[in-house]
Q: 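Here's a structure for you.
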Amino acid sequence: MSRIAFVSLVCGLLVGWSRSALAEPPDFRIERGAERLIVRLGEQPIATYVFGDAKISRPYLCDLFTNGGLRVTRRHPPVAGEDLTDHDTFHPGMWLAFGDLGGEDYWRLKAPVEHAGLVQEPTGGASAGFTVRNTYRRATGDGVVCQETCRYAWLPHEAGYVLTIDSEFSNDEAEFVFGDQEEMGLGIRMATPLIVERGGQIVNSREQRNEKQAWGQAAAWCDYSGVIGDRRVAVTLIPAASNFRPAWFHVRDYGLMAANPFGRHALADGEPSRVVVARGERFRLGYALLVRELPVAADPDTTSAASSVLQQIAPPSADH
């Protein structure tokens with residue numbers, strides 16, 4: 001059987017599983033704004049995708065909320081005196097970026113990622129999604145490192161929702177290289193009440209906790225959670241098992257969580273990583289984000305929750 005796209009697996013399997021756990025879940029819908037798309041679950045906004053920002057030269061997600069309206073990502077822009085204000089443009093909410101791609105630095109906004117248009121128009125209903133095309137340009141403006149086609153999809157979960165991100169990178173004219181840095185991959189900056197410095201907790205699939213234990217560790221998933229009022233907000237970042245290698249996690253007690261499969265030397269002190277994508281080849285990278293809202297006293301059972309999502313995003317076996 002030919003390879004099935006990461007998001008198709010999720011849509012085909014996770015939605016069916018989730019519907020059995022949810023009685024008449026609210027529909028997703030996506031609204032167009034000025035250089036942005038606003039994703040809602042029922043009436044509740046749960047994410048904003050921004051593809052045009054004068055200060056931030058790459059697309060990003062901001063204002064992630066739970067289905068119950070509790071903030072997941074740091075306010076954008078952060079509020080001085082209430083939020084930490086560091087890296088306000090580097091860490092706008094949630095982003096896929098690379099500190100060394102083709103020798104350019106897109107994480108720190110030294111080179112631009114240009115929104116080249118929608119490949120698939122936004123859809124809504126029991127699930128929602130859209131597909132975009134991005135162009136990774138040279139800092140000098142006179143060349144292109146690669147093109148990216150990225151599919152975003154939102155799906156229901158019994159305690160919240162799942163966001164999947166499935167990206168394909170290519171260049172039909174020349175090869176390009178993913179380098180080795182801490183600042184590579186999918187990152188999320190947590191809302192202030194959730195950070196470890198405010199009583200939150202980081203835990204990974206190996207039961208390592210907080211920055212001291214979990215930073216630089218390879219894991220199947222990593223979870224950042226905290227309490228807001230009488231509710232627990234849990235956010236689990238899950239790299240797709242079909243990625244070219246497992247991810248190391250760049251996590252900080254101040255609220256950063258990033259899954260980086262490229263930082264073999266920067267994060268794990270191994271041999272420097274150099275991932276070459278040949279001319280005309282397609283390089284895929286996938287992630288899932290599980291966002292849940294639970295009673296404070298509830299056992300979040302992150303292992304079971306993450307495992308259920310991993311099963312849904314696993315690639316098909318060769319004999320199926």
Side-chain angles (χ1 to χ4, degrees), residues 5-7 32-37 47-62 76-77 87-122 129-152 165-189 243-244 247 250 256 258-263 266 272-287:
F6 172 68
V7 69
R32 289 180 178 272
E35 299 184 307
R36 63 188 55 210
L37 300 170
T48 299
Y49 179 78
V50 180
F51 54 86
D53 186 322
K55 293 184 178 180
I56 302 176
S57 57
R58 51 174 158 82
Y60 60 89
L61 287 157
C62 66
H76 175 64
H87 304 317
D88 59 331
T89 55
F90 298 174
H91 299 174
M94 185 174 179
W95 61 96
L96 182 63
F98 309 94
D100 183 359
L101 173 52
E104 303 287 356
D105 188 346
Y106 300 98
W107 186 285
R108 301 172 188 82
L109 310 178
K110 293 183 179 180
V113 181
E114 178 185 279
H115 172 74
L118 286 164
V119 176
Q120 181 183 23
E121 291 290 326
F130 55 86
T131 303
V132 296
R133 188 166 177 81
N134 298 315
T135 301
Y136 286 68
R137 296 199 172 276
R138 295 283 181 191
T140 57
D142 60 355
V144 171
V145 171
C146 65
Q147 301 280 353
E148 175 195 18
T149 301
C150 185
R151 167 70 178 172
Y152 293 86
I165 300 173
D166 177 29
S167 275
E168 181 181 86
F169 301 85
S170 64
N171 186 332
D172 291 336
E173 304 298 326
E175 72 172 27
F176 57 97
V177 179
F178 290 88
D180 188 321
Q181 281 193 18
E182 287 184 5
E183 288 80 10
M184 302 274 284
L186 189 71
I188 182 169
R189 185 64 184 261
N243 286 349
F244 74 104
H250 178 23
L256 174 66
N260 177 355
F262 304 99
S273 177
R274 188 173 186 270
V275 179
V276 179
V277 182
R279 182 182 66 180
E281 286 188 351
R282 270 50 181 163
F283 178 81
R284 300 183 73 95
L285 201 59
Y287 296 92

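Just so it is clear, the structure is predicted and the values come from calculations on it, not from any experiment.
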Q: Once you round to the nearest 0.5 Å, how far does CG of Leu186 lie from CD1 of Ile165?
A: 4.5 Å
Q: With sequence neighbours excluded, tell me which residues meet side-chain hydrogen bond (donor to acceptor under 3.5 Å, both in side chains) with Glu148.
A: Asn134, Tyr136, Ser167
Q: Rounded to the nearest 0.5 Å, what's the gap from CG on Asp166 to OH on Tyr287? Could you check?
A: 11.5 Å
Q: Please list, chain by chain and in numerical order, all residues satisfying salt bridge (Lys or Arg N to Asp or Glu O under 4.0 Å) with Asp180, sequence neighbours excluded.
A: none
Q: To the nearest 0.5 Å, how far apart are CZ in Arg284 and OG1 in Thr149?
A: 9.5 Å
Q: For the residue pair Glu183 and Tyr106, establish whether any side-chain heavy-atom pair is separated by less than 4.5 Å.
A: no
Q: What heavy-atom pair brings Pro261 and Leu285 nearest, and what distance separates the two atoms?
A: CG-CD1, 4.1 Å
Q: Show which side-chain atoms of residues 272-279 pair as donor or acceptor with protein atoms under 3.5 Å away, not counting sequence neighbours.
A:
{"residue": "Ser273", "atom": "OG", "partner": "Arg245", "partner atom": "NH1", "Å": "2.9"}

Q: Any idea which heavy atoms bring Ala258 and Trp107 closest together, and the distance?
A: CB-CH2, 4.2 Å
Q: If I take atom NE2 from residue His87 and atom CZ from residue Arg189, how far apart are they, to the nearest 0.5 angstrom?
A: 7.0 Å
Q: Please identify each residue that fulfils side-chain contact (heavy atoms from CB on, under 4.5 Å) with Ser170, with sequence neighbours left out.
A: Arg282
Q: CD of Gln120: more than 12 outside heavy atoms within 6.0 angstrom?
A: yes
Q: Run the side-chain donor-acceptor check on residues 49-56: report pairs under 3.5 Å with partners two or more places apart or on a different chain.
A:
{"residue": "Asp53", "atom": "OD1", "partner": "Lys55", "partner atom": "N", "Å": "2.8"}
{"residue": "Asp53", "atom": "OD1", "partner": "Ile56", "partner atom": "N", "Å": "3.3"}
{"residue": "Asp53", "atom": "OD2", "partner": "Tyr60", "partner atom": "OH", "Å": "2.5"}

Q: Measuring from Cys146:SG to Phe176:CZ, what's the distance to the nearest 0.5 Å?
A: 4.5 Å
Q: What distance do Glu281 atom CD and Asp172 atom CG have between them, rounded to the nearest 0.5 Å?
A: 11.0 Å
Q: Quick one: does any side-chain atom of Asn260 pair with a main-chain N or O of Glu182 as donor and acceptor, under 3.5 Å?
A: yes
Q: Answer yes or no: is there a side-chain heavy-atom contact under 4.5 Å between Phe90 and Trp95?
A: no
Q: If you compare all heavy atoms of Glu173 against all heavy atoms of Asn171, which two are closest, and at what distance to 0.1 Å?
A: N-OD1, 2.7 Å
Q: I'd like to check the salt bridge (Lys or Arg N to Asp or Glu O under 4.0 Å) partners of Arg137; sequence neighbours left out, ordered by chain and number.
A: Glu114
Q: When the ring planes of Phe178 and Phe283 are compared, do they come out parallel, tilted or perpendicular, using 30° and 60° as the limits?
A: tilted
Q: Is the closest side-chain heavy-atom distance between Leu61 and Tyr152 below 4.5 Å?
A: yes
Q: Can you check whether Ala111's main-chain N or O pairs, donor with acceptor, with Arg58's side chain at less than 3.5 Å?
A: no
